[in-house]
Amino acid sequence: MKRRVVVTGMGAVTPIGNSVKEFWEGVKAEKIGFEPITYFDTSEYKVKLAAQLKDFNPEDYMDKKAARRMEKFSQYAMAATAEAIKDSGLDMDKEDAYMVGTSIGCGVGSLQTMEKEIGNLIEKGPSRISPMMVPLMITNMAAGNVSIAFGLKGKSINVVTACATGTNSIGEAFRTIAYGDADVMVAGGTEGSITPIGIASFAALKALSTSEDPKRCSIPFDKERSGFVMGEGSAIVVLEELEHAKARGAKIYAEVLGYGCSSDAYHITSPAEDGMGAATAMLNAVKDAGIKKEDVTYINAHGTSTHHNDLFETRAIKLAFEDHAKNIKVNSTKSMVGHLLGAAGAIEFVTCVKEIEENFIHKTVGLCECDEELDLNYCKESYEEEVNYALSNSLGFGGHNASLLLGKYKD
């Protein structure tokens with residue numbers, strides 16, 4: 001039998017706050033995290049803005065030696081995990097460590113290490129490559145470092161599905177618990193790829209906004225949208241089997257009810273134009289949850305602010321929900337934090353949990369006027385209303401589609 005899975009802890013480091021509390025206060029205040037890139041000189045780049053973390057110090061979360069042995073994406077995951085585990089009240093001394101697992105994905109890994117060591121290779125030769133290059137660079141090291149630091153000996157996986165990574169990571173953790181392979185999973189996503197090659201390569205794809213106005217750079221569903229804004233950070237949640245959580249008196253934020261996936265099998269960067277792939281993922285999540293699609297009244301969209309994504313995701317929502325689509329409120333958290341790539345789905349999952357908890361649907365900040373075909377309710381204003389279910393979508397390069405359905409916890 002499928003076991004019930006609940007959310008008992010959350011942690012985050014984001015461009016608008018380095019904790020869940022700060023992040024959520026920023027969301028409600030319609031705060032945006034966009035500013036000129038400070039990590040490198042952008043004078044020769046068309047893209048000038050990104051959503052960087054502010055005042056992040058890894059030594060606030062780990063000792064200096066440990067921090068030196070991790071690149072940004074791992075440091076961010078460690079920081080968010082520390083908050084999530086503390087928030088959950090999980091005491092590993094009282095747990096079977098082999099039933100507590102890790103599912104933390106990263107879409108890109110450390111471009112910083114890659115850039116540095118390629119420079120060493122070209123300038124100094126192969127003998128000067130750092131022996132730490134591989135363990136600093138590879139994407140699974142966020143999950144690995146978290147597992148080691150917190151003594152999590154259960155299943156440890158790193159899902160990499162581009163911009164769907166965070167959602168798939170939480171979804172696979174949900175399934176792991178639901179079918180008895182773990183009682184607790186620490187799950188989410190992380191990314192730290194605001195680097196010269198990171199910005200230059202996405203800009204070469206024409207995927208990034210070249211706007212220099214922080215208020216008009218990441219504007220999902222707006223007719224003037226021109227691309228996404230690169231963000232960075234991490235969001236981690238503690239998922240737990242319901243009876244396990246109740247037995248230790250854990251606070252329960254929400255319940256994970258359904259998980260759906262599909263592949264467009266269409267194009268390496270563009271979603272399927274008819275939206276069928278994303279629609280299928282959404283309907284699979286609804287079916288897995290055992291609810292009617294008419295029960296869904298809120299969707300946290302992938303909503304990247306690219307022309308293709310916002311149009312084709314809109315088509316997908318209409319295809320999945322038919323006439324009911326007009327009754328659904330759709331918003332995009334990326335309007336405030338940008339696109340965190342492998343961490344995007346995870347921070348949007350945290351957003352959904354908070355919206356369910358506080359019965360608040362946030363505004364899509366910066367949205368002024370939509371294209372003619374974009375005719376759903378994309379939340380030009382925030383709403384204070386009952387949120388019983390939240391559907392969170394992520395779509396990744398390569399045609400990856402993933403959706404998670406959350407609901408209010410009912411005993």
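Judged by distance alone, the side chains of Asp264 and Asn401 do bring a donor and an acceptor atom under 3.5 Å apart. Side-chain N/O atoms of Thr113 and Glu71 include a donor and acceptor closer than 3.5 Å. Side chain to side chain, Asp183 and Tyr98 fail the donor-acceptor criterion of an N or O pair below 3.5 Å. No hydrogens or angles considered: a donor-acceptor pair under 3.5 Å links the side chains of Ser403 and Asn393. Side-chain polar atoms of Asn168 and Thr161 form a donor-acceptor pair below 3.5 angstrom. A donor and an acceptor atom, one from each side chain of Glu357 and Tyr409, are nowhere located under 3.5 Å apart. Side-chain atoms of Thr176 and Lys155 include a donor-acceptor pair closer than 3.5 Å. Side chains of Tyr61 and Asn18: no donor on one and acceptor on the other come within 3.5 Å.
Residues passing the ring-ring contact (aromatic ring centres under 6.0 Å, His included) test with Tyr298: none are found, sequence neighbours excluded. With sequence neighbours excluded, no residue forms a side-chain hydrogen bond (donor to acceptor under 3.5 Å, both in side chains) with Ser335. Under the side-chain contact (heavy atoms from CB on, under 4.5 Å) criterion, Lys21 pairs with Ser19, Glu25, sequence neighbours left out. The ring-ring contact (aromatic ring centres under 6.0 Å, His included) check on His324 picks up nothing, with sequence neighbours excluded. Every residue two or more places apart in sequence or in another chain was checked for a ring-ring contact (aromatic ring centres under 6.0 Å, His included) with Phe349, and none qualifies. Taking the side-chain contact (heavy atoms from CB on, under 4.5 Å) definition, one finds that Cys163 meets it with His302, His339, Leu341, sequence neighbours left out. Applying the side-chain contact (heavy atoms from CB on, under 4.5 Å) criterion to Asp93, with sequence neighbours excluded, gives Asp91. A search for side-chain contact (heavy atoms from CB on, under 4.5 Å) contacts involving Ala66 returns Met62, Asp63, Met70, not counting sequence neighbours. Asp41 meets the side-chain hydrogen bond (donor to acceptor under 3.5 Å, both in side chains) test with Ser43; sequence neighbours excluded. For Asn359, the side-chain hydrogen bond (donor to acceptor under 3.5 Å, both in side chains) criterion is met by Lys408, not counting sequence neighbours. Residues that satisfy the side-chain hydrogen bond (donor to acceptor under 3.5 Å, both in side chains) test with Lys153, not counting sequence neighbours, are absent from this structure.
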May I have the step-by-step check of salt bridge (charged side-chain N to carboxylate O under 4.0 Å, His left out) for Arg248 and Glu240, ending in yes or no?
CA-CA 11 Å; Arg248 66 179 189 86; Glu240 197 163 344; 2.7 Å; yes
Show your working on side chain to side chain contact (heavy atoms under 4.5 Å, CB included) between Val47 and Thr42 and close with a plain yes or no.
CA-CA 7 Å; Val47 173; Thr42 62; over 6 Å; no
With side-chain hydrogen bond (donor to acceptor under 3.5 Å, both in side chains) as the test, would you mind laying out the steps for Ser209 and Ser211 before giving the verdict?
CA-CA 5 Å; Ser209 171; Ser211 171; 4.7 Å; no
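Rounded to the nearest 0.5 angstrom, Met141 CE and Ser147 OG are separated by 11.0 Å. With rounding to the nearest 0.5 Å, the separation of CD1 in Ile129 from CG in Asn120 is 5.5 Å. Taking CG from Asp181 and CZ from Arg3, the interatomic distance works out to 8.5 Å, rounded to the nearest 0.5 Å.
Between Lys318 and Asp375 there is a salt bridge, since a side-chain N of the basic residue sits under 4.0 Å from a carboxylate O of the acidic one. Contact check on Asp274 versus Arg315 returns no salt bridge, with no Lys/Arg side-chain nitrogen under 4.0 Å from an Asp/Glu carboxylate oxygen. Lys223 has a carboxylate O that lies under 4.0 Å from a charged side-chain N of Glu369, or vice versa, which qualifies the two as a salt bridge. A salt bridge does not link Glu117 to Arg128: none of the charged side-chain nitrogens sits closer than 4.0 Å to a carboxylate oxygen. Between Lys72 and Glu191 no salt bridge is recorded (no basic side-chain N to carboxylate O distance below 4.0 Å). With salt bridges taken as basic N to acidic carboxylate O contacts below 4.0 Å, one links Lys28 and Glu358. Salt-bridge annotation for Arg175 and Glu172: absent, with no side-chain N of the basic residue lying under 4.0 Å from a carboxylate O of the acidic one. For Glu255 and Arg4, the salt-bridge test passes: some basic side-chain N is under 4.0 Å from an acidic carboxylate O.
Taking the six-membered ring for Trp and thresholds of 30 and 60 degrees, Phe360 and Trp24 have ring planes more than 60 degrees apart, a perpendicular arrangement.
Side chain of Glu355 to backbone of His362: a donor-acceptor contact under 3.5 angstrom is found.
What you find for Ala80 and Ile236 is that their closest heavy atoms are CB-CG1, 3.6 Å. Counting all heavy atoms, side chain and backbone alike, His308 lies closest to Pro271 at CB-CD, 4.4 Å.
Both the sub-6.0 Å distance and the 45° axial angle are not jointly satisfied by Lys363 relative to the ring of Tyr378.
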For residues 284-291, run the donor-acceptor check on the side chains, cut-off 3.5 Å, and write out each pair with its distance to 0.1 Å, sequence neighbours left out.
{"unit_1": "Asn284", "atom_1": "ND2", "unit_2": "Cys261", "atom_2": "O", "d": "3.2"}
{"unit_1": "Asn284", "atom_1": "ND2", "unit_2": "Thr280", "atom_2": "O", "d": "3.4"}
{"unit_1": "Asp288", "atom_1": "OD1", "unit_2": "Lys2", "atom_2": "NZ", "d": "3.0"}
{"unit_1": "Asp288", "atom_1": "OD2", "unit_2": "Lys2", "atom_2": "NZ", "d": "3.4"}
{"unit_1": "Asp288", "atom_1": "OD2", "unit_2": "Tyr259", "atom_2": "N", "d": "3.0"}

